[in-house]
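Encoded as structure tokens, the structure appears first; notes follow it.
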Amino acid sequence: MRWVYAITTYLSSTALAVYVDEAGQIDYHHALLGLPSLKTTFFHQPSASSKASLIYTFTESGVVGAVNPKDGSVVWRQQIGQRDDATTESRQILRAGENQDTVVCAASQTISAWSSTDGRSVWQRVIDGPVVDLEVLEMPLSESAKVAKDTVALYKSAKGSTVQRLDGKTGAVVWTYDEDSGDTPYRLAASGTNVNLISYTSSSRGLTIKVTTLDPVAGQKVEVHTLSSENDVYSEQDILFVGSNSAARILAWTDSSKNVLKVNTLGTGQVSTFDVKQKGTEIQRITIHASGRLDSSPHFLVQYNSADAHWAEVYHIDLKSSAITKAYDLPKLQGKGVFTETTVDANVYFVRITDDQMILLNSASHGVLEKWSIQGLAPRSTVDPVYPIHATSEVVVKGGSSYAVRSAVLLSNGNWILIRNGELSWTRPETLASAVKAVFVPSRAEPALIQELEAEAVKDPVSAYLHRLFRHSGDLESLPVWIKAVVQSFLGTAGMTNGETVIVDSFGFNKLVVVATKNDRLIGIETGNHGRVAFNIKGSVDALAYFANADRPQAFGSLLAMDATSIASLEAHVQSAGARVGAKIPQPKSSMTYKVESDAIKGFKDTKLTWELNLKPGQSVWRIQQAEADEPIASIGKVLGDRRVLYKYLNPNVILVLLKDQARKELSAYILDSISGTILHSANHKNVATYGPIASIVSENWFAYSFATDASSEEMSKGYQFVFSELLESDIPDNRGIILPGTNSSTISPSAYISLPYVASQTYLTPYPISNMGVTQTGQGITSRELLLTLAYSNAIVGVPKYILDPRRIVGKAPTNQQLEEGLSQYAPMIDFDPTWYLNHKEELFGIEEIITSSSSLESTSL
């Protein structure tokens, strides 16, 4: 099999070529970053000599990267943490200093610096507790420090709160300040003269905020200010803003009802109070935007959002008296909208973005500098209105009254777009990075053809011949469309739409994959059109059952050729269908069900308990897996070199159960008949690193799983182990055991006389840990299969030919000529991954969680 499509959920997509001359031509790769966060996304020049900026972001998926704002391509990316790793104690933080060629990020207990240009690691430091905040010191200690500005980090430690100054070149500790008052650390605020530690104490009356001022040179405490916030602030969500490295050095908060805005000038005990105007609607969120530069104007904007409107107020700060006054109001507009801030020289600009317009304002006056209509943001929909969530902007002053603005905007549908002077420049479907499940949409022609072939199989020869003759005659009706498709394939336009008709390639490569994300989006991806997003609609993972059902109603034409109207109709139908079909993708038809409890796995026929597998104390269920329900099987046996046959044990009800015991460091594997509950095979492995990745797969008459041995064990065999096993009816060729010829189903009642399969098993060592497994699928199951293995720490997928893992490989001697004819080779414990097995070629695939496969129209090719 020359190439394979591997559809993976989260930060990866299809990859099918492994040769240099084919890479990028017959495959595609969405190099995703994840949904960008508001506080960790910004424009920044990668070096002091650079005139062009890049967009830097630390996403919700734990990826730090840089995007070229010209075309939306990824310049570099690094995976810092895994998805859903964020905790309440640790934040994802990204900072960049002015005229610096590095960006510094923090997650969990790790602080790392990366080259702004190419993403190479500069330094990394692991600290003693979860990082709470991180800031770059814009004022260096000496002239030599201007090349790499130092960083101050705040983290929770055994002593309470700890602040450290880290050297900008090496990450070495310059000084440490420990705060043992018992306060909860919240934020850092850096300036040209000092560092402010913001913390709070909790009481029944709320949170009392404390600001501790530190000397940036020696790290000594200078002064402490306690603010009267306990009757207003009850959670960290009530604290709106902390100004760091900004002329607007303020700390702002609101009360729980959002009726009052209070602003403190850092370094003083002065608090200004402003009444919040509700403007006839309940305020849901308050956001403050201010410059992140010390040499900017001391102005800030307060943004108010309700359910159906937004508005803002702009405030000015008198640096001499620390007085804060409201300068002007920005009018209330209906609909969702966002504001962004950007600084050019010392001038602060605000950009207002709605679903249909972009407005540029100067912070000094309410006059509109530029206004553009936004084109192509998203089709208007009452079912799923698309609106901006947050954005970051860059302003270029071309002349006295001419401006250019580009804004990177995250939309409610999960798309990350760039708008340049009102025009859409590019779109990145970053919501795909939060995928949780995906399915291939079956072709509606496939079930019909299967039914026709099954009908011919039960007829007498004459009737079957006539049936086939009429079927082929009917196929001639599509001959003109086929000829047109051939002509267009030579012209390079195959796969283009013509009204509601899609000319799909005759090889069946252009299929639709529907991906469900954790933020309730359903995205349709065309596998044969370079991963084009066919639609992006609202819907939960429950609705995937609608697409997995080949008998779904054909109410919208082809799913690969949809306009805005048909997409809106599809969305409304999918939501109603999803409510009816329930939460599960269709499973094999059976009256048997099973469920997992804390101490047992139980099987039920209808509602009657038929079998039970009790767990040992300390054991927990890691995974229960079975083969795909529609998996084709081409043969019932394996032909040996002497032409005899080893018959496969083919039981569609076989399930693989993996149990782990963390205390004993054990992994147990059971092969069960899910109908009767009979244990067909079991294996127990000791000294297993149960905290590491454990992957498994079940297909046809074989199963495989992998695990890592515990590094502290005294076992001679250490490393990453891969167990491959085949189920056979007997180990004797041409012998089917005691299974009767007519037996083709499992017994419901366990019996002592049930025939157990012969299990041929072998263990291999792999150079890398394996986190996921998949297997190729073809139409008839004739082509030799490949196991698709995700390498946990290599960001890659390898396709290992199944014969490499054959458990019958010859041990301790060279194979005979008959064994060589059969395809057997001498057993070698280590499986070295051939470079041509890497399906992703040179592309990195981050955070792969699952591999799904489907057949194409060619028996030699799997998608």
Side-chain angles (χ1 to χ4, degrees), residues 1-4 18-19 633-650 669 671 681 683-685 695-709 715-737 756-770 773 775-776 778 781-789 791 798-839 860:
M1 187 179 301
R2 188 180 181 186
W3 50 268
V4 177
V18 294
Y19 300 107
I633 298 175
S635 65
I636 63 172
K638 298 179 63 173
V639 180
L640 305 182
D642 58 3
R643 302 303 182 265
R644 292 187 297 171
V645 177
L646 281 177
Y647 287 97
K648 301 176 183 178
Y649 182 84
L650 298 174
I671 291 293
H681 171 72
N684 188 61
H685 305 275
S696 64
I697 186 72
V698 179
S699 178
E700 202 172 4
N701 71 314
W702 56 267
F703 63 94
Y705 56 92
S706 65
F707 58 90
T709 56
E715 294 289 334
M716 294 182 62
S717 178
K718 294 183 180 180
Y720 307 111
Q721 298 192 18
F722 186 98
V723 180
F724 189 92
S725 303
E726 279 189 332
L727 304 179
L728 303 172
E729 293 186 358
S730 173
D731 60 337
I732 303 174
D734 292 337
N735 186 343
R736 303 198 65 179
L756 298 179
Y758 169 75
V759 180
S761 185
Q762 190 57 272
T763 301
Y764 300 89
L765 294 177
T766 60
Y768 309 104
I770 298 169
M773 294 187 190
V775 63
T776 56
T778 58
I782 300 173
T783 304
S784 300
R785 297 177 183 268
E786 289 185 3
L787 268 75
L788 308 178
L789 310 179
L791 306 185
V798 294
V800 181
K802 179 175 171 288
Y803 70 85
I804 297 291
L805 305 168
D806 197 316
R808 297 176 55 250
R809 287 177 60 176
I810 311 304
V811 179
K813 60 181 179 180
T816 64
N817 291 335
Q818 286 188 347
Q819 291 169 335
L820 288 174
E821 185 178 354
E822 185 183 338
L824 294 177
S825 59
Q826 187 171 359
Y827 169 75
M830 175 63 71
I831 300 176
D832 292 321
F833 296 144
D834 191 297
T836 60
W837 294 353
Y838 284 77
L839 303 184
S860 62

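Below, all heavy atoms of this structure are taken into account, side chains as well, without hydrogens, waters or symmetry copies.
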| task | Under the side chain to side chain contact (heavy atoms under 4.5 Å, CB included) rule, what do Trp702 and Ile697 come out as? Steps first, then yes or no, please. | result | CA-CA 9 Å; Trp702 56 267; Ile697 186 72; 3.7 Å; yes

| Do Arg736 side-chain atoms and Ser730 backbone N/O form a donor-acceptor pair below 3.5 Å? | no

Check [X] against [Y] and note the closest heavy-atom contact, atom names and distance.
X	Y	answer
Val639	Arg643	CG1-CA, 4.1 Å
Pro767	Ile831	CD-O, 3.1 Å
Pro815	Leu820	CG-CD2, 3.4 Å
Ser635	Leu650	O-CD1, 4.3 Å
Leu727	Val759	CD2-CG2, 3.5 Å
Trp837	Asp832	CZ3-O, 3.6 Å

| remark: Applying side-chain hydrogen bond (donor to acceptor under 3.5 Å, both in side chains) to Ser725 and not counting sequence neighbours gives Ser761

With rounding to the nearest 0.5 Å, note down the distance linking [atom1] in [X] to [atom2] in [Y].
X	Y	atom1	atom2	result
Leu789	Ile770	CG	CD1	4.5 Å
Thr763	Phe724	OG1	CZ	12.0 Å
Ser825	Ile804	OG	CD1	6.0 Å
Leu728	Lys648	CG	NZ	9.5 Å
Met773	Phe722	CE	CZ	4.0 Å
Leu756	Ile671	CG	CD1	12.5 Å

| task | Evaluate side chain to side chain contact (heavy atoms under 4.5 Å, CB included) for Leu791 paired with Phe833, printing each intermediate quantity in order. | result | CA-CA 11 Å; Leu791 306 185; Phe833 296 144; 3.6 Å; yes

| Does the pair Glu822/Arg644 count as a salt bridge with the N-to-O cut at 4.0 Å? | no

| request: Pick out which of Arg808, Arg809, Lys638 makes a salt bridge (charged side-chain N to carboxylate O under 4.0 Å, His left out) with Glu726. | output: Lys638

| said: ring pair (Phe, Tyr, Trp, His ring centres under 6.0 Å) for Tyr764 and Tyr827? Distances and angles first, verdict last. | reply: CA-CA 9 Å; Tyr764 300 89; Tyr827 169 75; 5.4 Å; yes

| request: Measure the acute angle between the ring planes of His685 and Phe707, then classify it against the limits of 30° and 60° as parallel, tilted or perpendicular. | output: tilted

| query | What pairs with Ala634 under side chain to side chain contact (heavy atoms under 4.5 Å, CB included), at least two apart in sequence or on another chain? | reply | Ile782

| With distance as the sole criterion, is a donor-acceptor pair present between the side chains of Thr776 and Arg785 under 3.5 Å? | no

| query | Considering residues, nucleotides and ligands other than Tyr768, do more than 12 of their heavy atoms fall under 6.0 Å from its OH? | reply | no

